[in-house]
Amino acid sequence: MSYCFHAFCVTVARMFLVKRVVCVRGIVWLQCTSLPLRNFSACHRLGSPKRRSPYSSEDSERYSSLVRSVASCRVSSQTPETLRAEDELVYGRVVKAAMPSTKPQTREPTRLHPFSLSQKTTDTQEPESEPPVRIVLNRGQGGSSAPSVTRILQQTLSPEQTFYLERWKRRMIEELGEDGFKEYSQKLFSQGKLFHSTVDALLTSSATGTDEHPLCLSEVQGYMESISHVLEDVSAVRAIESTVKHDTLNYLGIVDCVARYRGVLCVIDWKTSEKPKPFLSNTYDNPIQVAAYAGALNDDGNYKYQVDHGLIVVAYKDGSPAHAHQLSSELMLQYWKTWLLRLEKFTVQRSCDTSTALSEKR
DNA sequence: GGATCCTTCTTCTTCTTC
């Protein structure tokens with residue numbers, strides 16, 4: 001078989017001006033002088049009918065059966081050792097990333113109540129004709145030291161998330177330079193902020209019945225067009241950019257919006273994205289963020305109603321239709337459990353940091 | 001007035017053929 005394979009390689013190399021032949025997991029890869037690395041079937045198809053070469057008179061049928069013969073023996077001819085050697089040849093040595101292999105925590109969190117056992121009920125209806133609430137965060141008064149949802153999520157990212165984020169950042173800096181990357185990040189943030197304030201202004205003006213049209217700069221025009229079909233299904237806006245606080249669990253956050261979406265009361269989070277996010281899994285920690293806000297809102301005495309559902313709306317700058325990911329109460333409960341684990345992780349980290357700082361002082 | 005806080009984003013392999 002090895003003699004047969006060698007003869008095959010030599011013939012093909014002559015036919016297609018091959019520079020390099022590599023066999024990876026039973027698939028023969030050919031690097032031609034005029035073509036990028038391609039697998040044999042592609043190369044063969046490109047070469048035989050269209051390309052005129054001194055070898056065009058060769059019997060292509062004969063070689064195609066030879067390929068089938070080579071491919072058919074791929075399982076028996078390979079061992080873990082040869083696979084490793086081939087991987088090393090093609091991809092280079094494996095460089096282990098610094099990713100601690102901590103297994104995800106599987107233990108059940110202790111508090112699971114925010115959507116099922118809240119004192120409030122969905123029957124408690126506030127007059128929906130009233131203007132939306134906007135509780136402004138005031139850190140100065142009351143001396144609240146509660147950490148925010150964003151901070152907790154940022155500081156409890158999984159090792160995998162941290163790894164991919166850092167890799168992305170490193171690549172971006174390589175491409176744009178330090179200053180270019182800073183500028184790029186600032187632009188993303190400012191676009192997001194502007195988009196949020198425009199949506200807020202639009203919802204406020206429509207909820208209060210004022211005719212004032214919100215300022216719609218060309219910078220966010222595409223985003224607004226993107227969410228237009230979602231806004232058609234939004235009604236009874238109850239809160240906009242409003243602070244929610246969980247006194248028992250001691251954290252706070254600012255909800256983008258609380259409103260009815262297709263008749264269901266939801267915590268709504270508006271997002272901008274450069275990449276399409278058609279699936280909920282594309283939104284990373286966003287569902288946890290929404291569940292954390294809803295849990296806080298249900299515990300917060302400033303809000304007399306309960307919210308069991310969530311909505312993440314991902315808007316696109318080019319105006320293509322936004323993706324609206326609705327979270328059922330069951331999903332919200334699942335994400336709430338994840339949130340509690342993240343919160344606990346944050347608390348443990350913080351107490352460790354505090355004790356370390358104290359011992360360093362002494 | 002300055003410092004700090006809450007947000008705003010960023011991640012998941014990548015290519016081919018039909």
Side-chain angles (χ1 to χ4, degrees), chain A residues 24-25 27-31 35-46 87 90-91 94 97 99 134-176 180-200 219-220 223 240-246 250-257 267-290 292-293 296 312-317:
Chain A
V24 181
R25 289 176 193 162
I27 300 168
V28 180
W29 293 71
L30 307 176
Q31 191 170 22
L35 294 168
L37 201 65
R38 291 174 181 279
N39 66 30
F40 178 78
S41 59
C43 197
H44 181 73
R45 208 168 293 133
L46 280 169
D87 275 354
V90 179
Y91 304 111
V94 175
M99 280 168 52
R134 187 190 295 264
I135 300 172
V136 178
L137 175 67
N138 196 336
R139 285 283 198 179
Q141 289 170 6
S144 169
S145 62
S148 71
V149 172
T150 308
R151 195 172 133 208
I152 293 164
L153 288 176
Q154 274 177 347
Q155 292 189 11
T156 57
L157 289 170
S158 70
E160 283 80 9
Q161 282 178 302
T162 310
F163 168 77
Y164 286 119
L165 280 167
E166 281 179 1
R167 189 181 67 163
W168 168 81
K169 191 178 167 185
R170 200 176 58 243
R171 286 176 174 174
M172 290 297 282
I173 290 173
E174 275 172 16
E175 196 183 320
L176 306 172
F181 178 69
K182 258 186 198 169
E183 201 178 315
Y184 167 77
S185 305
Q186 280 170 359
K187 193 183 161 195
L188 281 184
F189 283 162
S190 67
Q191 275 182 350
K193 283 179 181 177
L194 197 58
F195 167 65
H196 273 78
S197 53
T198 311
V199 175
D200 290 352
E219 208 177 331
V220 292
Y223 291 123
I240 291 174
E241 283 287 322
S242 200
T243 305
V244 289
K245 187 167 185 295
H246 202 300
N250 193 40
Y251 71 86
L252 53 77
I254 299 173
V255 288
D256 280 350
C257 180
V267 164
I268 303 176
D269 209 29
W270 311 105
K271 299 285 178 195
T272 58
S273 177
E274 292 197 314
K275 281 186 187 173
K277 292 182 175 170
F279 305 109
L280 186 64
S281 59
N282 301 134
T283 64
Y284 300 98
D285 285 347
N286 293 166
I288 307 174
Q289 187 186 10
V290 169
Y293 288 152
I312 297 162
V313 182
V314 187
Y316 305 109
K317 195 174 187 179

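The figures here come from the full heavy-atom set of this structure, side chains too, leaving out hydrogens, waters and symmetry mates. Residue numbering restarts at 1 for every chain, and letters A, B, ... go by the order of the sequence lines. Being a predicted model, the structure only gives us computed values, none of them experimental.
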**Prompt:** Contact class for T272(A) vs. all strands (heavy atom < 4.0 Å): base, sugar-phosphate, or nothing?
**Reply:** sugar-phosphate
**Asked** How close or far is atom P of dC5(B) from atom CG of L252(A), stated in whole angstroms?
**Response** 12 Å
**Request:** Determine the contact category for L165(A): base if any of its heavy atoms lies under 4.0 Å from a base atom, sugar-phosphate if only primed atoms, P, OP1 or OP2 are that close, otherwise nothing.
**Result:** base
**Prompt:** Among the nucleotides dC9(B), dT11(B), dT7(B), which one has an atom lying closest to any side-chain atom of F189(A)?
**Reply:** dC9(B)
**Request:** Decide if atom CD of Q155(A) counts as having more than 12 heavy atoms of other residues, nucleotides or ligands within a radius under 6.0 Å.
**Result:** yes
**Request:** May I ask you to say what F181(A) touches in the nucleic acid, namely base, sugar-phosphate or nothing, with a heavy-atom cut-off under 4.0 Å?
**Result:** nothing
**Asked** Would you call the rings of Y223(A) and F195(A) parallel, tilted or perpendicular, where under 30° means parallel and over 60° means perpendicular?
**Response** tilted
**Request:** Take atom CZ of R167(A) and atom P of dT11(B), then tell me their distance rounded to the nearest Å.
**Result:** 10 Å
**Message:** Need one value for S281(A): base, sugar-phosphate or nothing, where a base atom within 4.0 Å counts as base even if backbone is also close, heavy atoms only.
**Reply:** base
**Prompt:** Between atom NZ of K275(A) and atom CG of N282(A), what is the distance when rounded to the nearest 0.5 Å?
**Reply:** 9.5 Å
Check the interface with nucleotides 2-4 of chain B: list each N/O to N/O pair with the protein under 3.5 Å, or write none.
none

**Asked** From F163(A) CZ over to W168(A) CH2, what is the distance, rounded to the nearest 0.5 angstrom?
**Response** 15.0 Å
**Message:** From CD1 of I173(A) over to P of dT10(B), roughly how many Å is that when rounded to an integer?
**Reply:** 16 Å
**Prompt:** Below 4.0 angstrom from OP1 or OP2 of dT11(B), is there any side-chain N or O of K275(A)?
**Reply:** yes
**Prompt:** Under 4.0 angstrom, heavy atoms only, what part of the nucleic acid is E241(A) near: base, sugar-phosphate, or nothing?
**Reply:** nothing
**Fill in**
Here the distance between atom P of dT8(B) and atom CG of D200(A), to the nearest Å, is 11 Å
**Prompt:** What distance separates I173(A) CD1 from K182(A) NZ, expressed to the nearest 0.5 Å?
**Reply:** 9.5 Å
**Prompt:** What is the nucleic acid contact for N286(A), judged by heavy atoms within less than 4.0 Å: base, sugar-phosphate only, or nothing?
**Reply:** nothing
**Item:** 5'-most by nearest nucleotide on DNA chain B - E274(A) or S148(A)
**Value:** S148(A)
**Request:** Side chain of Y293(A) only, please: which of dT11(B), dT7(B), dT8(B) is the nearest?
**Result:** dT7(B)
**Request:** Measure the distance from OH on Y184(A) to P on dT8(B) and round it to the nearest whole Å.
**Result:** 16 Å
**Request:** For DNA chain B, determine which residues of residues 149-157 of chain A have any heavy atom closer than 4.0 angstrom to one of its atoms, and list them numerically.
**Result:** T150(A), R151(A), Q154(A)
**Item:** Y164(A)-dT11(B) aromatic stacking (under 5.5 Å, under 30°)
**Value:** no
**Prompt:** Using a cut-off of less than 4.0 Å, is there contact between a side-chain N or O of K169(A) and OP1 or OP2 of dT11(B)?
**Reply:** no
**Request:** Classify the nucleic acid contact of S185(A) as base, sugar-phosphate or nothing, counting any heavy atom under 4.0 Å across all strands shown.
**Result:** nothing
**Request:** Check whether any side-chain heavy atom of K271(A) lies under 4.5 Å from a side-chain heavy atom of N286(A), and answer yes or no.
**Result:** yes
**Message:** At 4.0 Å (heavy atoms only), tell me whether N282(A) reaches a base, stays on the sugar-phosphate, or touches nothing.
**Reply:** base
**Asked** Quick one: H196(A) NE2 to dC9(B) C1', roughly how many Å, whole number?
**Response** 10 Å
**Message:** Without decimals, in angstroms, what is the distance between K317(A) NZ and dT10(B) P?
**Reply:** 12 Å
**Item:** Y164(A) side chain to E160(A) side chain, donor-acceptor N/O pair below 3.5 angstrom
**Value:** no
**Item:** Residues in side chain to side chain donor-acceptor pair (under 3.5 Å) contact with E241(A), at least two apart in sequence or another chain
**Value:** none
**Message:** Under 4.0 Å, heavy atoms only, any strand: does K277(A) hit a base, just the sugar-phosphate, or nothing?
**Reply:** sugar-phosphate
**Request:** Specify the closest pair of heavy atoms between T272(A) and G192(A), including all atoms of both residues, with the distance to one decimal.
**Result:** OG1-CA, 4.0 Å
**Request:** May I ask you to verify if any side-chain N or O of T162(A) is less than 4.0 angstrom from the OP1 or OP2 atom of dT11(B)?
**Result:** no
**Complete:** Of dT11(B), dT8(B), dT7(B), the nucleotide closest to the side chain of Q161(A) is dT11(B)
**Complete:** From NZ of K182(A) across to C1' of dC9(B) the rounded distance in Å is 17 Å
**Prompt:** Can you tell me how far the NZ atom of K277(A) sits from the OH atom of Y316(A), to the nearest 0.5 Å?
**Reply:** 7.5 Å
**Request:** Could you tell me the separation between the CD atom of E219(A) and the CD atom of Q191(A), rounded to the nearest 0.5 Å?
**Result:** 5.5 Å
